[in-house]
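Written below as structure tokens is the structure these notes are about.
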2 protein chains.
Amino acid sequence: MRNAAETRDKLLETATGLIWQSNYSSVGVNEICKQAGVTKGAFYHHFESKADLYIAASRHYWESMKRDLDAIYSPSFTPLEQLENLIQLIIHKQINECSSKDMEVAGCPFFTSGGQAGIDEEKIRLAAREMEDHMQRYSVALVRNLKAEGALKGNPDIDQVARFLHHFVQGLLVYGRLMNSLNAVRADLREGLYRLLDLKEAYRTEGSEVPVSSPADAA
Amino acid sequence: MRNAAETRDKLLETATGLIWQSNYSSVGVNEICKQAGVTKGAFYHHFESKADLYIAASRHYWESMKRDLDAIYSPSFTPLEQLENLIQLIIHKQINECSSKDMEVAGCPFFTSGGQAGIDEEKIRLAAREMEDHMQRYSVALVRNLKAEGALKGNPDIDQVARFLHHFVQGLLVYGRLMNSLNAVRADLREGLYRLLDLKEAYRTEGSEVPVSSPADAA
DNA sequence: GAGATAGCATACCGATCGGTATCTTCAAGC
DNA sequence: GCTTGAAGATACCGATCGGTATGCTATCTC
């Protein structure tokens with residue numbers, strides 16, 4: 001009535017933003033409400049608990065992620081263009097999400113929060129596994145396309161290779177966040193993916209993600 | 001006097017254990033004290049803050065980690081044996097740390113906590129970077145040895161490849177924790193490392209880390 | 001044996017935590 | 001115009017948060 005959908009979305013997006021900056025357990029309900037310009041009464045009208053909001057935020061985030069993935073994996077692209085799109089998407093996601101948060105890399109908060117959830121917080125873990133599951137499908141599709149194209153050496157297990165890509169990207173993003181350096185991500189992303197895919201040399205490119213000066217790289 | 005060193009160690013190890021189970025921000029000082037059988041007075045006698053304890057725990061943990069790494073990277077091993085040792089160590093670390101915690105995989109809590117630390121918690125991040133830095137040295141040594149042995153294809157950048165290994169292992173462990181399945185880690189660890197190293201086929205082995213039934217793998 | 005001090009215990013602080021109960025307000029349905 | 005219920009606001013809950021102030025006590029020094 002007072003535009004409930006808008007209030008709900010504001011809460012979801014504010015929560016997502018705050019969780020990007022830190023993590024699930026250190027973001028408070030009060031903080032979310034305050035930043036969203038919403039009272040606690042409204043919060044608990046829309047969500048029955050903090051964990052409930054988290055799950056909803058996770059799904060809400062996936063919706064936008066899915067749109068991006070559908071775009072970059074469009075059949076109008078060759079498998080190699082899809083791979084290139086993925087590399088660019090990973091970088092740009094970080095740039096977009098981190099702008100105006102005075103950090104360079106955030107990683108995917110729903111994975112890492114899920115990975116850090118205690119044994120009692122089963123719901124949080126399940127939300128991460130759900131997203132993991134969705135992502136894996138897209139990853140497998142990419143690897144399958146590359147294999148069909150004859151771009152990969154040998155006869156790889158496409159499900160396994162898809163998991164490899166995921167593991168590596170997640171680990172790299174945590175590293176990038178630790179170092180607070182997007183260039184650290186740029187420096188390793190392409191080559192690491194190539195190696196995990198075992199992409200034939202003829203299909204590899206150098207990329208141009210090396211320079212781009214940044215304050216964080218003074219160290 | 002009432003054995004201060006022992007009290008301190010108990011606090012460090014209890015804290016480490018609890019952080020393995022969840023993460024920095026959701027482990028409370030009271031909880032640590034209670035489980036360590038120590039009062040809050042004692043806690044703040046030994047550490048000036050929770051963050052201070054965390055850093056000390058991180059360094060304390062590194063000490064034991066360093067002993068393990070020195071052992072597996074002993075010059076008495078060939079580079080390939082060192083690699084094999086690393087694979088076994090990663091698995092066994094998880095088994096040891098997770099026993100009696102009703103979980104199968106925990107990952108390295110100091111990395112992930114560091115990676116999830118908010119911008120304000122600079123100390124936490126620095127502790128993780130410190131450990132990262134130490135680990136990288138060992139990783140580089142391994143890759144250098146493998147390269148000198150002629151076990152790697154091409155002419156790789158050993159620092160970069162060492163980082164690759166780190167990224168992959170961290171990502172894989174987060175995944176394993178999410179899935180709560182050590183077998184998920186076993187299934188991908190060896191092959192992923194081989195690919196990132198671009199290890200010559202002649203030097204690869206199958207390993208025997210596939211079976212080992214587990215309740216978590218029913219899914 | 002008389003300080004002096006490290007080691008620790010107890011009690012408490014204000015702030016914040018996630019969550020609830022109760023109230024008002026506004027818009028839709030009839 | 002009246003009713004009804006969703007949407008939201010306010011105030012409060014007990015529990016816990018990280019941290020502190022103060023005091024006791026065992027051991028060491030002299």
Side-chain angles (χ1 to χ4, degrees), chain A residues 1-16 18-19 21-58 60 109 113 116-125 127, chain B residues 1-16 18-19 21-58 60 109 113 116-125 127:
Chain A
M1 312 224 175
R2 254 75 49 86
N3 213 341
E6 192 178 314
T7 301
R8 195 183 139 94
D9 278 12
K10 194 83 174 59
L11 280 168
L12 289 175
E13 269 151 34
T14 304
T16 302
L18 286 171
I19 292 172
Q21 288 182 60
S22 51
N23 59 75
Y24 173 71
S25 54
S26 61
V27 172
V29 174
N30 287 300
E31 193 182 355
I32 296 171
C33 292
K34 192 175 170 188
Q35 179 153 331
V38 160
T39 64
K40 221 170 188 180
F43 182 101
Y44 281 100
H45 177 77
H46 287 282
F47 307 99
E48 62 177 36
S49 72
K50 182 186 166 186
D52 192 50
L53 162 79
Y54 177 85
I55 292 165
S58 159
H60 183 79
S113 284
Q116 280 207 332
I119 14 185
D120 49 324
E121 307 170 300
E122 196 65 24
K123 283 185 176 184
I124 307 303
R125 252 217 283 277
Chain B
M1 312 225 172
R2 256 78 49 85
N3 212 340
E6 192 178 314
T7 302
R8 195 183 138 93
D9 278 12
K10 194 86 175 51
L11 279 169
L12 290 174
E13 269 151 34
T14 304
T16 302
L18 286 172
I19 292 171
Q21 288 183 61
S22 51
N23 60 75
Y24 172 71
S25 52
S26 61
V27 172
V29 174
N30 287 300
E31 191 182 355
I32 296 172
C33 292
K34 192 176 171 188
Q35 179 153 330
V38 160
T39 63
K40 220 169 188 179
F43 182 101
Y44 282 99
H45 176 76
H46 287 282
F47 307 99
E48 61 177 36
S49 71
K50 181 185 165 187
D52 193 50
L53 162 80
Y54 178 84
I55 292 165
S58 159
H60 182 78
S113 284
Q116 282 209 329
I119 13 186
D120 48 324
E121 308 170 298
E122 197 65 24
K123 284 186 176 182
I124 308 302
R125 253 217 282 276

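FYI, side chains are in, hydrogens and waters are out, and symmetry mates aren't considered; it's all heavy atoms of this structure. Residue numbering restarts at 1 for every chain, and letters A, B, ... go by the order of the sequence lines.
- To the nearest angstrom, P of dA26(D) lies 17 Å from CD of Glu6(B).
- Between Glu121(A) atom CD and dC17(C) atom C1' there is a gap of 14 Å when expressed in whole angstrom units.
- With hydrogens and angles disregarded, a donor-acceptor distance shorter than 3.5 Å links the side chain of Thr7(B) to the backbone of Asn3(B).
- When rounded to the nearest whole Å, the span between NZ of Lys10(B) and P of dC8(C) equals 13 Å.
- Within the 4.5 Å cutoff, the side chain of Leu53(B) has heavy atoms near those of the Ile32(B) side chain.
- Side-chain contact between Asp52(A) and Lys123(A) is absent, with no heavy-atom pair separated by less than 4.5 Å.
- Using modelled atom types, one side-chain atom of Glu121(B) and one backbone atom of Gly118(B) make a donor-acceptor pair closer than 3.5 Å.
- Mapping Ala42(A) and Phe43(B) onto DNA chain D via the closest heavy atom, the residue that lands nearer the 5' end is Ala42(A).
- Checked by atom type and distance alone, the side chain of Asn23(B) never pairs as donor or acceptor with a backbone atom of Ser113(B) at under 3.5 Å.
- With contacts defined as side-chain heavy-atom distances shorter than 4.5 Å, the pair Ile119(A)/Arg125(A) qualifies.
- Side chain of Lys34(A) to backbone of Val29(A): no donor-acceptor contact under 3.5 angstrom is found.
- In terms of the ring-ring contact (aromatic ring centres under 6.0 Å, His included) criterion, residue partners of Tyr54(B) (sequence neighbours excluded) are, by chain and number, Tyr24(B), Phe110(B).
- Following rounding to the nearest Å, Ile32(A) (CD1) and dT16(C) (P) show an atom-to-atom distance of 16 Å.
- Put simply, NZ on Lys40(A) and CG on Asn30(A) are 4.0 Å apart, with the number rounded to the nearest 0.5 Å.
- Listed pair Asn3(B) / dG7(C) fails the phosphate criterion, with no side-chain N or O lying under 4.0 Å from OP1 or OP2.
- A heavy atom lying under 4.0 Å from DNA chain C marks the following residues of residues 34-41 of chain A, by number: Lys40(A).
- Rounded to an integer number of Å, the gap from OH of Tyr24(A) to C1' of dC17(C) is 12 Å.
- In this entry the distance linking CG of Leu11(A) with P of dA7(D) reads 13 Å, nearest Å.
- For dA7(D), the OP1/OP2 oxygens have no side-chain nitrogen or oxygen of Thr7(A) closer than 4.0 Å.
- Proximity of residues 44-56 of chain B to DNA chain C (heavy atom under 4.0 angstrom from any strand atom) is restricted to His45(B), His46(B).
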